[in-house]
2 protein chains.
Amino acid sequence: MDMQSLSGKPDGRLPRYQQLRDDLVRRIAEGEWSPEKAIATEAELSQFYNVSTGTLRKAIDLLVADGVLTRTQGKGTFVRRPRFDSSLFRFFRFKSVDGKPVRPTAKVLRREVVKPNETIRSTLQMKATEKTLHLSRVRMIEGEAVLSEEIWLPRSRFEGLATLPLGDFEDLLYPLYERLCRQIVASATEILNVEKATEADAALLRIEVGSPVILVQRVASDFAGTPIEWRTTRGAAEAFQYQVDIR
Amino acid sequence: MDMQSLSGKPDGRLPRYQQLRDDLVRRIAEGEWSPEKAIATEAELSQFYNVSTGTLRKAIDLLVADGVLTRTQGKGTFVRRPRFDSSLFRFFRFKSVDGKPVRPTAKVLRREVVKPNETIRSTLQMKATEKTLHLSRVRMIEGEAVLSEEIWLPRSRFEGLATLPLGDFEDLLYPLYERLCRQIVASATEILNVEKATEADAALLRIEVGSPVILVQRVASDFAGTPIEWRTTRGAAEAFQYQVDIR
DNA sequence: AAGTGGTCTAGACCACTAT
DNA sequence: TAGTGGTCTAGACCACTTG
């Protein structure tokens with residue numbers, strides 16, 4: 001197979017390893033390889049694309065650096081599920097009574113089908129007529145509310161969640177998206193702001209009105225880069241500490 | 001030259017490209033190549049280390065990914081000065097009256113030689129008897145204070161700053177460190193917390209007592225990885241917005 | 001033992017920069 | 001035109017995993 005024929009646009013001027021990467025991403029986005037599944041071997045791929053192993057490995061190196069693939073010697077190369085290691089939520093330092101870090105549980109308080117506001121509609125690249133599934137959720141440590149979340153999903157992709165009894169929602173939503181709606185979150189962008197607690201925030205999170213609150217807005221996308229979830233989360237800033245390394 | 005003889009510990013079991021990277025870092029840390037200066041060419045280095053160009057390039061690729069080097073086709077490979085692109089300060093959205101983003105000016109309010117507290121002393125890896133140079137600084141936009149900074153430096157490395165008239169301090173300190181003290185900042189770590197404004201914060205930043213304040217604590221290090229500066233910065237959280245990408 | 005990715009070679013030719 | 005990094009080849013051998 002010739003490289004020129006791989007993509008819609010020839011991109012003949014791009015290096016072959018970049019064309020290779022783009023085509024591998026396309027095949028992942030189209031579902032040819034699924035998360036946790038091995039993709040074709042180096043030998044197969046280099047033969048298929050008619051490039052040397054060095055060139056093929058350079059393409060795969062890029063995808064590994066991007067977090068799309070992982071390689072394990074002796075086993076194979078795998079499509080990687082994002083682990084949200086860099087999510088801002090990791091920097092809420094929740095501790096239980098005994099001081100050990102714990103993962104909050106979750107409870108869905110409300111679900112409704114609504115017309116999204118213009119910000120959400122355009123971010124999710126939805127048509128003007130399409131509606132969203134809106135979830136209100138609270139996350140708790142030992143019964144105490146620590147985070148309040150609002151989630152908007154394009155209705156058409158998430159029919160499977162429209163009828164699920166609220167009690168059947170699990171602590172983690174993304175496995176649910178995958179199982180019931182075949183929507184796989186492959187990446188996300190988060191934006192952090194600091195606000196003053198409103199009365200509603202204060203009542204839920206048991207903090208003072210006006211005290212600092214962290215607001216995280218997240219847009220999550222699938223492997224094709226299409227946004228599929230908009231989410232806002234609020235929590236007491238007191239529990240928050242973030243670290244960054246500079247080079 | 002044989003690879004085994006390059007480092008104190010043979011590290012014979014590490015791949016050659018990692019040994020190569022370590023030795024290149026050592027040569028940079030020892031000042032053989034300076035920021036903005038080209039290092040030896042690929043041909044010279046691969047001959048010197050007796051490895052193929054592919055292996056040498058893999059070592060250099062690692063350093064480029066780490067932000068230590070940059071390569072420019074046709075020109076050479078250069079030691080990179082950190083540009084603090086990922087610094088949390090970039091996420092204070094200061095705007096002047098006309099709305100354009102601006103870089104704050106700086107004024108040193110106080111300089112003193114003090115015994116550091118235990119946290120600072122151990123972070124800067126200083127002996128129990130050694131003292132620090134402590135600077136109090138305010139950063140301003142159009143005359144209005146927007147950030148307040150406290151800086152601690154190991155006295156022995158920064159003698160050159162001890163006698164400089166306060167008015168001669170420039171807006172950017174790191175070029176000053178380099179010129180007057182031959183201390184080059186090669187990397188840094190920053191930690192973000194949110195606090196409530198104290199009365200001192202409130203008076204300086206012209207915000208309400210108790211309103212949210214961003215606290216950034218930075219430890220800056222040289223190419224050898226030795227910490228050379230401890231800094232805390234406070235600013236109104238209102239002006240702060242941070243973004244992170246997840247894969 | 002067979003198959004996978006990990007490391008490494010010894011070059012070639014191309015694109016870009018400086019002189 | 002000479003010198004630099006950028007791309008790419010066509011393999012080899014090694015280390016690890018699995019049957």
Side-chain angles (χ1 to χ4, degrees), chain A residues 1-4 6-7 10-24 27-28 33 35-80, chain B residues 1-4 6-7 10-24 27-28 33 35-80:
Chain A
M1 185 172 211
D2 186 64
M3 282 309 299
Q4 303 304 327
L6 286 176
S7 52
D11 279 339
R13 278 158 297 182
L14 281 182
R16 291 167 90 106
Y17 69 85
Q18 285 188 30
Q19 301 180 41
L20 268 184
R21 179 197 54 184
D22 292 347
D23 196 62
L24 291 171
R27 291 171 75 173
I28 293 167
W33 300 301
E36 324 289 283
K37 294 287 184 59
I39 70 171
T41 67
E42 293 188 348
E44 286 167 358
L45 288 171
S46 60
Q47 195 176 5
F48 175 76
Y49 287 114
N50 194 29
V51 297
S52 74
T53 61
T55 302
L56 176 76
R57 286 185 66 85
K58 181 145 186 175
I60 290 182
D61 282 345
L62 290 177
L63 293 172
V64 170
D66 278 354
V68 177
L69 297 176
T70 54
R71 288 182 294 202
T72 313
Q73 188 175 29
K75 294 179 74 173
T77 301
F78 300 82
V79 178
R80 180 177 168 277
Chain B
M1 186 173 210
D2 185 66
M3 283 307 299
Q4 303 304 326
L6 286 177
S7 51
D11 278 342
R13 278 157 297 182
L14 282 181
R16 291 167 91 107
Y17 69 86
Q18 284 188 29
Q19 300 179 42
L20 270 183
R21 177 195 56 183
D22 292 346
D23 197 61
L24 292 170
R27 291 171 76 173
I28 294 166
W33 299 303
E36 324 288 285
K37 295 287 186 55
I39 69 172
T41 67
E42 293 188 347
E44 286 165 357
L45 288 172
S46 60
Q47 194 175 5
F48 175 75
Y49 288 114
N50 192 31
V51 296
S52 73
T53 62
T55 303
L56 176 77
R57 286 185 66 88
K58 181 144 186 174
I60 290 181
D61 282 344
L62 289 177
L63 293 172
V64 170
D66 277 355
V68 176
L69 297 176
T70 54
R71 289 181 293 201
T72 313
Q73 189 176 31
K75 295 179 73 173
T77 301
F78 300 82
V79 179
R80 179 176 170 279

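Note that the structure is predicted; figures quoted are calculated from it, not measured.
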Q) Please, which pairs that meet salt bridge (charged side-chain N to carboxylate O under 4.0 Å, His left out) have at least one residue in residues 43-57 of chain A, sequence neighbours excluded? A) A:Glu42-A:Arg57
Q. side-chain contact (heavy atoms from CB on, under 4.5 Å) between B:Ile39 and B:Leu45: does it pass, once the steps are laid out?
A. CA-CA 9 Å; B:Ile39 69 172; B:Leu45 288 172; 4.0 Å; yes
**Q.** Separation of atom CD in B:Gln73 from atom C1' in C:dA18, rounded to whole Å
**A.** 13 Å
Q: Give the rounded distance in Å between these two atoms: CD of B:Glu42 and P of C:dT9.
A: 14 Å
**Q.** Interatomic distance where CD belongs to A:Gln47 and P belongs to C:dT4 [whole Å]
**A.** 12 Å
Q.
Counting C-beta onward and ignoring hydrogens, is there a side-chain heavy-atom pair between B:Tyr17 and B:Val51 closer than 4.5 Å?
A. no
**Q.** Separation of atom CG in A:Asn50 from atom P in D:dT9, rounded to whole Å
**A.** 8 Å
Q.
Once rounded to the nearest 0.5 Å, what's the spacing between atom NZ of A:Lys58 and atom NZ of B:Lys58?
A. 11.5 Å
Name every donor-acceptor pair, under 3.5 Å, that has one atom in a side chain of residues 59-72 of chain B and the other anywhere in the protein, sequence neighbours excluded.
{"residue": "B:Asp61", "atom": "OD1", "partner": "B:Arg71", "partner atom": "NH1", "Å": "3.0"}
{"residue": "B:Asp61", "atom": "OD1", "partner": "B:Arg71", "partner atom": "NH2", "Å": "2.5"}

Q.
Let me confirm one number: the OG1-CD distance from B:Thr55 to B:Gln19, rounded to the nearest 0.5 Å.
A. 11.0 Å
Q.
Give the residues of residues 56-72 of chain A touching DNA chain D, defined as any heavy atom closer than 4.0 Å, sorted by residue number.
A. A:Lys58
Q) Quick one: does B:Tyr49's side chain get under 4.5 Å of B:Asp23's, heavy atoms only? A) yes
Q. Once you round to the nearest 0.5 Å, how far does OG1 of B:Thr77 lie from CH2 of B:Trp33?
A. 10.0 Å
Q. With respect to the phosphate group of C:dT9, does any side-chain polar atom (N or O) of B:Thr55 fall under 4.0 Å of OP1 or OP2?
A. yes
Q. Roughly how many Å is it from NZ in A:Lys37 to P in C:dT4, rounded to a whole number?
A. 17 Å
Q | B:Phe78 CZ to D:dT4 P, straight-line distance once rounded to whole Å | A | 11 Å
Q) Hey, which of these two, A:Tyr17 or A:Gly74, hits DNA chain D nearer its 5' end, going by closest nucleotide? A) A:Tyr17
Q. Taking the side chain of B:Lys75 as its heavy atoms from C-beta onward, which of C:dC8, D:dG5, C:dA18 lies nearest to it?
A. C:dA18
Tabulated below should be each protein N or O lying under 3.5 Å from an N or O of nucleotides 10-13 of chain C; please produce it.
{"residue": "C:dG11", "atom": "O6", "partner": "B:Thr53", "partner atom": "OG1", "Å": "3.2"}

Q: Whole angstrom is fine here: how far is it from CD in A:Glu44 over to C1' in C:dG3?
A: 11 Å
Q: Check side chain to side chain contact (heavy atoms under 4.5 Å, CB included) between B:Gln73 and all other residues, then give those that pass, not counting sequence neighbours.
A: none
